[in-house]
Amino acid sequence: MQSESSTTKPRNKISLTTLLTGLVSLSVFLTLSMMLVASYQSQKKSLMDTTLTLNFSSASKMSQTIDSLFKSMRSSLYYSANIFTNIHDMNEEEVTYNLELMRHSSNYFNSITIVDETGLVRNVSPKSIGSAGKYITTDAAKTALALQKSYLSKPYIAATGRLIVFMSEPIYDKEGTYRGFIGGTLYLEEYNILSTIFGNNLVDKIGSYFYIVGSDGHILYHRDNTRLGENISANSVVQKLIQGQSGYELAVNLKGEALLAGYVKVPENGWGVVVVSPILVINEQLSHHIKAILLYTIIPFSLLMLIVILLARRLAQPFVSLANLVSKIGSEKVEFPEGKQHWNREADWLSEAIRHAFTDVKKQTDQLTHEATTDPLTGLTNRRTLETIMHKWIMEPTPFSVVLMDIDYFKSINDTYGHQIGDEVLKHFANIMTATVRPSDVCCRFGGEEFIALLPHRAAEEAYLVAERIRHLLETNVNCIGNPITVSLGISHFSTHADSAEELIHLADQALYKAKTSGRNQTIIAEIST
């Protein structure tokens, strides 16, 4: 009698089909998981770095705009102060005419006031304010009168109930005797020169916005007018601006919201510009990115699993047949069938399935890498890759020129023909750039309508000739709007002008700004510092 142990079939054994299916499934799942994690982390860092850099760049440009604006405003007051040196000899009609002319010609100030050395308001524009013939009462006006020099107030509530900022210039007669001051005001809660310049840039398509704070931490400009005059000096970013610092970082505002902030101090008046993007926007973009990857991979993954199961069964079939044959040895006559070999073909099928799996993953990874280094609209190198190339050339070192380009009146093109035509103009310009430069040169979309070309082993004078060819071709070539399109260009050179990527771009941007202010449609090489 046979024992029970010898007749009982083994249990809890894993079949070869299940083992192969499980191993391949686990391998594919882990590969997909690692790819998703790596993609998430890479995309998150890229989005945060790009957003921080763009916010800092935007804040820098706004700071430069405000700095130039206040210099112009002060120059306007200084010029007018020279006109009124003999104010005691001028009749009221003449003074009124000059004040009205000054206010309407520049639109710098909401109101302009002339105060004599006794504190009497001689005249005011507009007259509807009604302070002419009265003595000054505000601390800011009294301070300006006592200082007898250029003055810029902190925001305060005027007698009219308005939240204002006050700027003044002293008036001296030809003998050098102090005769009072001329002052201009900005109504922060009403339409003013700041809202004229920045009114269309409050919020961009990814939810970024900006605000301006005074040197004491009070809000001077914000997309929410109800917050004007609010003291936010406890904000960590504002505290750094008060200390004179500029930069970019991940910060938390007074409401506990995480923000990607770029902040820059305005040299002329001590104000600060802060451009912020909610971190929630970045998280939403990452969520869409991961969902898109899963959407593209779920069908190939499902098909792959079906193929793996079939291949595993086919691969296990010869082992099952062999096991059956071996089990019969000793009990009956066994003949090994002659036929085709199964091992190599089944192994090839399985290898092909795995190869397909990794091919799909590689395609996704290559696509992600391409998206991370290329501008999707123009196909040019993006800003992050450009900075990497510049730092590499500087470290080698490799001499090169930077050509910074900005399409003239591009906003007008968008407003007139629409953003779709504006995109076609950008692609048209990108094609002209790439057709003009050498294969070794690097063309990049720097942001918006700004482009950069890196020309290795070319001096600034050689880069100028290339820039002029680009400018001429853009102006003369047929385009989608049917009218000539022009571009302004600024050039800097490593290491003639600077030794850092940031300073090279800054100098090229200054040269570009000079080209813009000098009439546009021209190329200017940055000046060499002495």
Side-chain angles (χ1 to χ4, degrees), residues 66-188 190 192-194 214-216 218 220 244 265-271:
I66 296 174
D67 191 67
S68 299
L69 171 64
F70 269 74
K71 287 179 180 177
S72 298
M73 293 167 67
R74 189 163 295 287
S75 296
S76 176
L77 284 178
Y78 180 79
Y79 174 78
S80 298
N82 290 330
I83 293 178
F84 295 111
T85 54
N86 59 340
I87 186 172
H88 290 284
D89 299 329
M90 299 171 68
N91 57 52
E92 183 178 349
E93 182 178 348
E94 185 179 359
V95 174
T96 300
Y97 172 78
N98 282 287
L99 280 184
E100 290 291 329
L101 179 63
M102 176 185 175
R103 188 169 68 90
H104 290 293
S105 61
S106 65
N107 289 324
Y108 286 149
F109 303 103
N110 293 97
S111 68
I112 303 175
T113 306
I114 292 183
V115 178
D116 67 16
E117 66 273 20
T118 67
L120 178 67
V121 178
R122 289 290 306 275
N123 211 316
V124 62
S125 174
K127 283 189 174 183
S128 58
I129 295 177
S131 60
K134 300 178 182 179
Y135 285 92
I136 57 176
T137 58
T138 63
D139 292 337
K142 292 178 180 179
T143 301
L145 185 66
L147 287 177
Q148 299 185 12
K149 61 181 181 180
S150 300
Y151 173 70
L152 176 66
S153 76
K154 296 178 180 178
Y156 66 94
I157 304 296
T160 58
R162 293 184 172 100
L163 179 64
I164 71 173
V165 169
F166 175 74
M167 177 187 291
S168 69
E169 283 290 326
I171 299 175
Y172 291 93
D173 62 19
K174 295 181 179 179
E175 287 72 31
T177 303
Y178 181 62
R179 293 299 187 183
F181 65 81
I182 179 170
T185 59
L186 289 178
Y187 299 164
L188 297 180
E190 301 176 25
N192 57 53
I193 187 67
L194 293 178
S215 57
D216 58 351
H218 286 79
L220 304 180
K265 191 81 170 179
V266 181
E268 177 67 16
N269 54 23
W271 294 2

Roughly how far, to the nearest 0.5 Å, is [atom2] of [Y] from [atom1] of [X]?
| X | Y | atom1 | atom2 | result |
| --- | --- | --- | --- | --- |
| Ile114 | Ile83 | CD1 | CD1 | 9.5 Å |
| Ile157 | Leu163 | CD1 | CG | 4.5 Å |
| His104 | Ile112 | NE2 | CD1 | 9.0 Å |
| Asn107 | Met73 | CG | CE | 11.0 Å |
| Arg103 | Asn110 | CZ | CG | 8.5 Å |
| Leu99 | Lys127 | CG | NZ | 10.0 Å |

What pair of heavy atoms forms the shortest contact from [X] to [Y], and how long is it?
| X | Y | answer |
| --- | --- | --- |
| Pro170 | Ser150 | CD-N, 3.7 Å |
| Thr118 | Asp116 | OG1-OD1, 2.6 Å |
| Ile129 | Ser125 | CD1-O, 4.5 Å |
| Tyr108 | Leu186 | O-CD2, 3.1 Å |

Side chain to side chain, [X] and [Y], heavy atoms closer than 4.5 Å:
| X | Y | value |
| --- | --- | --- |
| Ile164 | Pro155 | no |
| Glu268 | Ile66 | no |
| Val165 | Thr185 | no |
| Leu152 | Arg74 | yes |
| Thr113 | Phe166 | no |
| Tyr172 | Gln148 | yes |

Please walk me through it: do Val121 and Ile136 pass side chain to side chain contact (heavy atoms under 4.5 Å, CB included)? CA-CA 7 Å; Val121 178; Ile136 57 176; 4.0 Å; yes
Name the orientation class of the two ring planes belonging to Phe70 and Trp271 (parallel below 30°, tilted from 30 to 60°, perpendicular beyond 60°). perpendicular
Restricting to salt bridge (Lys or Arg N to Asp or Glu O under 4.0 Å), what partner residues turn up for Lys134, sequence neighbours left out? none
Give the C-alpha distance, both sets of side-chain angles, the deciding distance and a yes or no for side chain to side chain contact (heavy atoms under 4.5 Å, CB included) between Val95 and Phe84. CA-CA 8 Å; Val95 174; Phe84 295 111; 4.0 Å; yes
Can you confirm whether the side chains of Asn123 and Thr96 place a donor and an acceptor under 3.5 Å from each other? yes
Working note: Val115 + Leu120, criterion side chain to side chain contact (heavy atoms under 4.5 Å, CB included); need CA distance, chi angles, decisive distance, verdict. CA-CA 5 Å; Val115 178; Leu120 178 67; 5.9 Å; no
Can a donor-acceptor pair be found, under 3.5 Å and without considering hydrogens, that links the side chain of Ser105 to the backbone of Leu101? yes
Given 3.5 Å as the limit, does a donor-acceptor pair link the side chain of Asn82 with the main chain of Ser80, or not? no
Side-chain donor-acceptor pairs of residues 174-184 under 3.5 Å, sequence neighbours excluded:
| residue | atom | partner | partner atom | Å |
| --- | --- | --- | --- | --- |
| Tyr178 | OH | Leu145 | O | 3.3 |
| Tyr178 | OH | Gly180 | O | 3.3 |
| Arg179 | NE | Asp173 | OD2 | 3.0 |
| Arg179 | NH1 | Glu117 | OE2 | 3.4 |
| Arg179 | NH2 | Asp173 | OD2 | 3.2 |

With a sphere of 6.0 Å drawn around CG of Asp216, does it hold more than 12 non-hydrogen atoms of other residues, nucleotides or ligands? yes
Is there a side chain to side chain contact (heavy atoms under 4.5 Å, CB included) between Phe109 and Met102? Walk through the geometry before answering. CA-CA 9 Å; Phe109 303 103; Met102 176 185 175; 4.2 Å; yes
